Amino acid sequence: MNQKIAIITGASRGLGKNTALHLAAQGVALIGTYHINTVEADALVREIESKGGRAAMLQLDVGNSASFDSFIGKLKEVLHAKFNVEKFDYLINNAGVGLGASIAETTEEQFDQLMNIHLKGPFFLTQKLLPVIADGGRIVNISSGLTRFSFPDYAAYAMMKGGVEVMTRYMAKEFGARGIVVNTLAPGAIETDFRGGAVRDNAQINGHIASMTALGRVGLPDDIGGAIAALLSDGSRWINAQRIEVSGGIFI
């Protein structure tokens, strides 16, 4: 049986890194992308390979769609040279940034940055990758709990993630003829460095979110990485076109 290969955007840190480690533990080979931090990217490859896995990292600015053709060329080279295949199996559109501002204070520059990274980027990157993803493959688009519940300062960010959820349904419809499954995974509040690590490091914020969550705590990166790995497992093959919130039951 051929080893499955996953591409994870924004894999050098945070939820992307955690997802990479969970998939590697399941025997999936990884090609991750990073924006600028080559040290973190190289460290992830070493960590996966030290445990017997296979991994590679490629530089990519998801917010710059003009760079996608060049990225696809490099990806094909890595697939052939390192993995001796022409196609990959799983795509996780994960890369993102956290920008917060009220509607009154959001600048066009901030809006455009969020749109380019969270919505335009995944749309056109997936489009460019269609010839390279295997029939019967899987795509997971990362959204946010903020598309269901609302917090001040997240309007523009949540708008883009809402677009991702609509995009997922259309992808599932259009790619279904090739047997490609497409789902949205929407994390709740997670202890990462998102927005400066506020949920992780601010005890008041952490405690408030925990008090509003059925399971009585905030999320951990392992909660998300494990959920994505489960969604890509064989047992989830009939789950398609769904928004799956992974939030421990917040605001229910």
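All values reported here derive from a predicted model rather than from experimental measurement. Throughout, residue positions are numbered sequentially from 1 according to the sequence presented.
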Asks: May I ask you to decide whether R169 forms a salt bridge with E165, counting only side-chain N to carboxylate O separations under 4.0 Å?
Replies: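 Looking at E165 together with R169, the answer is no, because their closest N to O distance does not fall below 4.0 Å.
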
Asks: Within the structure provided, determine whether K128 and D69 are in side-chain contact (heavy-atom separation under 4.5 Å).
Replies: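 SC-SC contact between K128 and D69 confirmed.
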
Asks: Under the salt bridge (Lys or Arg N to Asp or Glu O under 4.0 Å) rule, collect the residues that match up with R46, sequence neighbours excluded.
Replies: none

Asks: Consider only side-chain N and O atoms of N64 and N116, and report whether a donor and an acceptor are under 3.5 Å apart.
Replies: no

Asks: Taking C-beta and beyond as the side chain, do N94 and I228 meet within less than 4.5 Å on heavy atoms?
Replies: no

Asks: Can you tell me if D89 uses its side chain to pair, donor with acceptor, with the backbone of G137 under 3.5 Å?
Replies: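 Side chain of D89 to backbone of G137, a donor-acceptor pair under 3.5 Å: no, none is there.
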
Asks: Mark yes or no for whether D112, through its side chain, and E109, through its backbone, hold a donor-acceptor pair below 3.5 Å.
Replies: no

Asks: So for atom NZ, which belongs to K87, do other residues, nucleotides or ligands contribute more than 12 heavy atoms lying within a distance under 6.0 Å?
Replies: yes

Asks: Does D234 offer a backbone N or O that forms a donor-acceptor pair with the side chain of R237 under 3.5 Å?
Replies: yes

Asks: Please determine whether the number of non-hydrogen atoms from other residues, nucleotides or ligands lying under 6.0 Å from atom CZ of F151 exceeds 12.
Replies: yes

Asks: Mark yes or no for whether N93, through its side chain, and T126, through its backbone, hold a donor-acceptor pair below 3.5 Å.
Replies: no

Asks: Mind checking whether R243 and T168 have side chains closer than 4.5 Å, heavy atoms only?
Replies: no

Asks: Do Q127 side-chain atoms and L125 backbone N/O form a donor-acceptor pair below 3.5 Å?
Replies: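 Not a single qualifying donor-acceptor pair exists.
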
Asks: Is there a donor-acceptor pair closer than 3.5 Å between any side-chain N or O of H118 and the backbone N or O of V97?
Replies: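 Answer holds: yes.
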
Asks: With M171, which of V181, I180, N141 fulfils side chain to side chain contact (heavy atoms under 4.5 Å, CB included)?
Replies: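 Among V181, I180, N141, the one meeting side chain to side chain contact (heavy atoms under 4.5 Å, CB included) with M171 is N141.
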
Asks: Does A55 offer a backbone N or O that forms a donor-acceptor pair with the side chain of K82 under 3.5 Å?
Replies: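 Yes.
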
Asks: Applying a strict under-4.5 Å side-chain criterion to I, L, V, M, F, W and Y, I'd like to know whether I205 and L146 cluster together.
Replies: yes

Asks: So, the side chain of T33 versus the backbone of G10: is there a donor-acceptor pair under 3.5 Å, distance only?
Replies: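 Judged by distance alone, yes, a pair lies under 3.5 Å.
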
Asks: Indicate, with yes or no, if L215 and I224 share a hydrophobic cluster defined by side-chain heavy-atom contacts under 4.5 Å among Ile, Leu, Val, Met, Phe, Trp and Tyr.
Replies: no

Asks: Between L60 and M115, is there shared hydrophobic-cluster membership here, with clusters defined by ILVMFWY side-chain heavy atoms closer than 4.5 Å?
Replies: yes

Asks: Examine distances only and state if a side-chain atom of T9 and a backbone atom of A95 form a donor-acceptor pair shorter than 3.5 Å.
Replies: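 Answer holds: yes.
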
Asks: Judged by atom type as modelled, is there a donor-acceptor pair below 3.5 Å linking the side chain of Q59 to the main-chain atoms of H35?
Replies: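 Yes, because the side chain of Q59 sits within donor-acceptor range (under 3.5 Å) of the backbone of H35.
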
Asks: Are L130 and L119 linked, directly or through other ILVMFWY residues, by side chains that come within less than 4.5 angstrom of each other?
Replies: yes

